[in-house]
Student: 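Below is one structure. I have some questions about it.
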Amino acid sequence: MRDTYLTDLKKYFPNGGTIVSELEESSARDFVNIAELLAGKHTDHVVKLRGWIYRTRSSGRLVFPVIRDSSGQIQCTVFKGSVSEEDFTAAKKALVESSVVISGKAVADKRAPGGFEIQVESFTVVHFAEVFPITKDQSIEFLADKRHLWLRSAKMTAVLKLRSTVFGAIHEYFRDEGFYEYQSPIFQAVQCEGGSTLFNVDYFKQKGIFLAQTWQLYAEPAIFSLENIYTISPSFRAEKSKTSRHLTEYWHAEMEMAWSSFEDIIRHGEALIKHVIGKVLDVNGKELETLGRDATKLEASLNKPFIRMTYDDAIALLREKSGIDVTWGKDLRTVEEDELVKNFDRFVIVTHYPKSVKAFYMKEDPDNPEVVFGTDFLAPEGYGEIIGGSQREEKLEEIERKLVEMGEKVEEYSFYLDTRRYGSVPHGGFGMGVERLISWLCGLDNIKDAIPFPRTLTRYYP
Ligand code: 4AD
Ligand code: MG
C-alpha cells in the first residue's frame, strides 16, 4: 500500500522529490495507532488506522474483524449499510493476517475487549492473506518451523518488546556509568572459554579460526586505551546438549574495567541487572501481563541486595538444606544451582570458585590459591547462570603458568600476553547472557523464545 501510494505520488509529481516526501510524512501522521485509541485519545472522532486482521467473524450484514498493529488490538464493526458494497465484500472475504487500511469512528463500548471499538466507514484490504497456517494448539516443533510467522503472535510480540527494553537498558546503564562502547572481532584466533564449545570456521582453508565465545581476549587490550568498556554482541557456543537454557548463538553483554577490584565487578553486575529489571517494570507492565508473568518475582530482586556467598558456603548450604554432597573442587551442575536458588527469592552471587573449574585468566586468591576471584550470578526460580565474571590475573608469569597448566599453547596467546608486558594493571570484567536474563524476566519455559530466530544443536532454519 505504502509502495503503491508512493508510486502514485511519483506519478502525479514526477519532479517533486520534496513534495513527495512531505506528503509521505503527512500521510504517516494521518494514521493513529491502536494504543492511542485504547487510551481514549480519539474517542468519538473519525480516525484512519492500518494493521492486520487478528481475528474475524461475520454474520449476515455484519463483520467483526479484530485489527492489530504493533501497539495493540481493537475490535471493529463493519455494517453492510455503513460502508460501500465493495468494502463490505472485501471485509467479509478477508482472512486472518490480511493487511488493511480502515477509517471509522472510535467509540467507547464496555462490551468490546479493551473498552473501545471502531465503527468502520471504509475498509480497504491492502493484501488478501492466504489461509494462515498457524491456528490454535499447534506443536512447539510446528511453531518453530513457522517461526517467521509465529513472531506475529501476542506472546512473541510481548517478548520482543521486552527484549528491546532490555537492550536499551544495558546501553543506558553502561553509558551512564561512563563506559565506552567497543567492538571486538567475531572471527577469533584464540579460544577463551574452553575448546569443547568452539565453532571452527573454514577461513580460506586456514585452521584455528573460531567464532567468538566471548569478546574478552580482544577486550582486555582495549582497556589500556579506553579503561572502561562494554559491548552487546553475538557469542557462539557449540553446545551439544539440548537444554532449556543453551543457544548456539546468543547475545552477550560484556564489560571490562581497568584498575577495578573484584568487588567493583560484582557491584556493577548487580547494579546492571537491577537497572534492567527497573526499566522493564517501568515500561513493560502490559507485556508481563500478556506473558502471565508475576511482576512481584522481579520486584523481589530489585528492592533488596542480592544474596552473596562463596562456593564453600554454597556447598555447605546444599548439604544442609538439600542433602546434596558436592565434592570440593567440582563445578556446580545445573541441578545443584537450581537447588541452591530455591532457598531465596532473588539473585544469588556465588564467588571464590575452585580454580580447577574456572578459566585460565581468573586471578587466584592470594589468601587461598586453590580458589579464584571468579563469580557466577544465579537467577531465581532456576533460570541458571546469568552472569559469569572475574578479576583477571594481571601478572605475566602467573598467566603463562596457568595457560601451561591448562594445556594451552602459550605462543598462540602472544598478542594477549602483551597486555601483561606493557603497563599491566589490575582489571576485571563479566559477561551477561542477554537471552538468559530475558527468559527469567518473561518467565519463559525455554530460552529459545527469548530470541527471534533461535539457533540450537538441531534448529537452524528458518
Ligand atoms: O560464563 P561465560 O562463559 O563467561 C565468559 O564468556 C566470560 N569471558 C565473560 C567475561 O568475563 N567477559 O559466559 C557468560 C554468560 C553466562 O553467564 C551465560 O549467561 C551466558 O553467557 N551463556 C549463554 N547463554 C546462552 N546460551 C549459551 N550457550 C550460553 N553460554 C553462556
Ligand atoms: Mg560461566
Side-chain angles (χ1 to χ4, degrees), residues 163 166 170 174 179 182 184 188 190-199 210-223 228-257 260 262 264-266 268-269 272-273 276 311 331-334 337 347-351 353-354 357-363 372-379 382-393 416 427-441 444 446-451 454-457 459:
R163 183 179 163 95
V166 170
I170 296 168
F174 283 119
F179 284 68
Y182 164 83
S184 60
Q188 299 189 351
V190 280
Q191 68 88 8
C192 183
E193 297 300 331
S196 66
T197 63
L198 277 177
F199 272 113
F210 321 101
L211 295 182
Q213 294 170 308
T214 166
W215 82 334
Q216 192 182 318
L217 302 192
Y218 295 86
E220 288 181 58
I223 61 163
N228 297 342
I229 55 177
Y230 82 98
T231 199
I232 314 181
S233 168
S235 275
F236 302 87
R237 308 266 169 122
E239 303 284 357
K240 289 173 199 86
S241 54
K242 278 177 94 174
T243 79
S244 60
R245 36 178 100 149
H246 288 92
L247 295 164
T248 52
E249 176 181 328
Y250 71 97
W251 286 76
H252 205 169
E254 298 188 83
M255 65 87 98
E256 196 73 28
M257 288 180 86
S260 72
F262 187 38
D264 292 330
I265 300 306
I266 296 172
H268 274 296
L272 170 65
I273 291 176
V276 175
Y311 168 89
D331 207 356
L332 299 181
R333 293 172 304 162
T334 303
E337 289 178 347
F347 272 78
V348 178
I349 303 174
V350 183
T351 60
Y353 281 84
V357 303
K358 289 294 181 193
F360 70 89
Y361 52 74
M362 294 195 188
K363 190 175 171 65
V372 286
F373 290 133
T375 180
D376 284 358
F377 283 43
L378 308 177
Y383 280 86
E385 180 194 327
I386 305 290
I387 282 183
S390 68
Q391 181 72 356
R392 319 304 191 194
E393 176 51 67
Y416 175 69
H427 67 287
F430 66 71
M432 178 171 83
V434 182
E435 285 77 16
R436 292 246 181 115
L437 182 62
I438 293 170
S439 256
W440 171 71
L441 288 164
L444 300 176
N446 195 301
I447 195 170
K448 285 192 269 189
D449 280 336
I451 189 164
R455 268 74 181 100
T456 65
L457 182 62
R459 174 62 64 185

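Indexing begins at 1, ligand by ligand and atom by atom, following the structure's order.
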Student: Just how far is it from atom OH of Tyr361 to atom CG of Leu217, taken to the nearest 0.5 Å?
Tutor: 8.0 Å
Student: If you measure every N/O of Glu254 against every N/O of ligand 1, is any gap under 3.5 Å?
Tutor: yes
Student: For the residue pair Tyr218 and Glu256, confirm or rule out a side-chain donor-acceptor distance under 3.5 Å.
Tutor: no
Student: Counting heavy atoms only, which part of His252 comes closer than 4.0 Å to ligand 1: side chain, backbone, both or neither?
Tutor: side chain
Student: How close does the nearest protein non-hydrogen atom get to atom 11 (O) of ligand 1, and which residue and atom is it?
Tutor: Arg392 NH2, 2.9 Å
Student: Looking only at the side chains, is there a donor atom on one of Thr456 and Glu239 sitting less than 3.5 Å from an acceptor on the other?
Tutor: no
Student: Has ligand 1 got any nitrogen or oxygen that is less than 3.5 angstrom from a nitrogen or oxygen of Cys192?
Tutor: no
Student: At under 4.0 Å between heavy atoms, which part of Thr248 makes contact with ligand 1: side chain, backbone, both or neither?
Tutor: neither
Student: May I ask you to list the atoms of ligand 1 that are less than 4.0 angstrom from any heavy atom of Arg245?
Tutor: 25 (C), 26 (N)
Student: Rounded to the nearest 0.5 Å, what separation is found between the CG atom of Leu378 and the CD1 atom of Ile387?
Tutor: 10.5 Å
Student: Can you list the ligand 1 atoms lying under 4.0 Å from a non-hydrogen atom of Phe430?
Tutor: 9 (C), 10 (C), 11 (O), 12 (N)
Student: For a side-chain contact (heavy atoms from CB on, under 4.5 Å) with Trp251, tell me which candidate from Ile170, Ile232, Ile438, Val166 qualifies.
Tutor: Ile232
Student: Counting heavy atoms only, which part of Glu249 comes closer than 4.0 Å to ligand 1: side chain, backbone, both or neither?
Tutor: neither
Student: Would you say Ser233 and Glu254 are linked by a side-chain donor-acceptor pair, where the criterion is simply a distance under 3.5 Å?
Tutor: no
Student: At under 4.0 Å between heavy atoms, which part of His246 makes contact with ligand 1: side chain, backbone, both or neither?
Tutor: both
Student: Quick one: does any side-chain atom of Arg436 pair with a main-chain N or O of Tyr383 as donor and acceptor, under 3.5 Å?
Tutor: no
Student: Between Glu193 and ligand 1, which residue portion shows a heavy-atom distance shorter than 4.0 Å: side chain, backbone, both, or neither?
Tutor: side chain
Student: Give the residue, atom name and distance (to 0.1 Å) of the protein heavy atom nearest atom 15 (C) of ligand 1.
Tutor: Gly431 O, 3.6 Å
Student: Is there a polar contact, in the sense of an N or O pair closer than 3.5 Å, between Gln213 and ligand 1?
Tutor: no
Student: Select the closest option to atom 27 (C) of ligand 1 among Thr214, Thr231, Val434, Leu247, judged by heavy-atom distance.
Tutor: Leu247
Student: Any ion pair linking Glu435 and Arg163 (charged N to carboxylate O, less than 4.0 Å)?
Tutor: yes
Student: Restricting to non-hydrogen atoms, name the atom on Phe373 and the atom on Phe262 that form the minimum distance, rounded to 0.1 Å.
Tutor: O-CE1, 3.2 Å
Student: Could you tell me the residue and atom name of the protein heavy atom closest to atom 17 (O) of ligand 1, and the distance to it rounded to 0.1 Å?
Tutor: Glu385 OE2, 2.7 Å
Student: Output yes when the distance from some N or O of ligand 1 to some N or O of Met432 is under 3.5 Å, and no in every other case.
Tutor: no
Student: Using a strict 4.0 Å cut-off to heavy atoms of Gln216, name the atoms of ligand 1 that fall inside it.
Tutor: 7 (C), 8 (N), 10 (C), 11 (O), 12 (N)
Student: Determine, using heavy atoms of Glu435 and all atoms of ligand 1, whether some pair is separated by less than 4.0 Å.
Tutor: no
Student: When you measure from the side chain of Thr248 to the backbone of Arg455, do you find a donor-acceptor pair of N or O atoms at a distance under 3.5 Å?
Tutor: yes
Student: If I apply the N/O under 3.5 Å rule, does Arg237 come out as touching ligand 1?
Tutor: yes
Student: Please lay out, stage by stage, how His427 and Glu220 fare under the test side chain to side chain contact (heavy atoms under 4.5 Å, CB included).
Tutor: CA-CA 8 Å; His427 67 287; Glu220 288 181 58; 2.7 Å; yes
Student: So if I count the atoms of ligand 1 from 1 in the order they appear, which ones are less than 4.0 Å from some heavy atom of Ile387?
Tutor: 17 (O)
Student: I'd like to know whether ligand 1 has Met255 as a neighbour, heavy-atom separation below 4.0 Å.
Tutor: no
Student: Using distance alone, determine whether Ile386 and ligand 1 share an N or O pair under 3.5 Å.
Tutor: yes
Student: Between Ser235 and Arg237, is any side-chain donor less than 3.5 angstrom from a side-chain acceptor?
Tutor: no
Student: Can you name the atoms of ligand 1, numbered from 1 with element, that are less than 4.0 Å from a heavy atom of Gly433?
Tutor: 15 (C), 19 (O), 20 (C), 21 (O)
Student: With heavy atoms of Gly429 as the reference, note each atom of ligand 1 found under 4.0 Å away.
Tutor: 11 (O)
Student: Do you know which N/O/S atom name in Glu385 is closest to the Mg ion (ligand 2)?
Tutor: OE2
Student: Regarding atom 22 (N) of ligand 1: of the candidates Trp251, Tyr383, Tyr250, Trp215, which has the closest heavy atom?
Tutor: Tyr250
Student: Could a heavy atom of Tyr361 be found less than 4.0 Å from some atom of ligand 1?
Tutor: yes
Student: Any N/O/S atom, backbone or side chain, of Glu193 lying under 2.8 Å from the Mg ion (ligand 2)?
Tutor: no
Student: Going by the angle between their ring planes, with limits at 30° and 60°, are Phe174 and Phe430 parallel, tilted or perpendicular?
Tutor: tilted
Student: Between the main-chain N or O of Leu444 and the side-chain N or O of Ser439, is there a donor-acceptor pair closer than 3.5 Å?
Tutor: no
Student: Mind telling me whether His268 and Phe179 have parallel, tilted or perpendicular rings, with 30° and 60° as the class edges?
Tutor: perpendicular
Student: Can you check whether His246 reaches Ile447 side chain to side chain, under 4.5 Å on heavy atoms?
Tutor: no
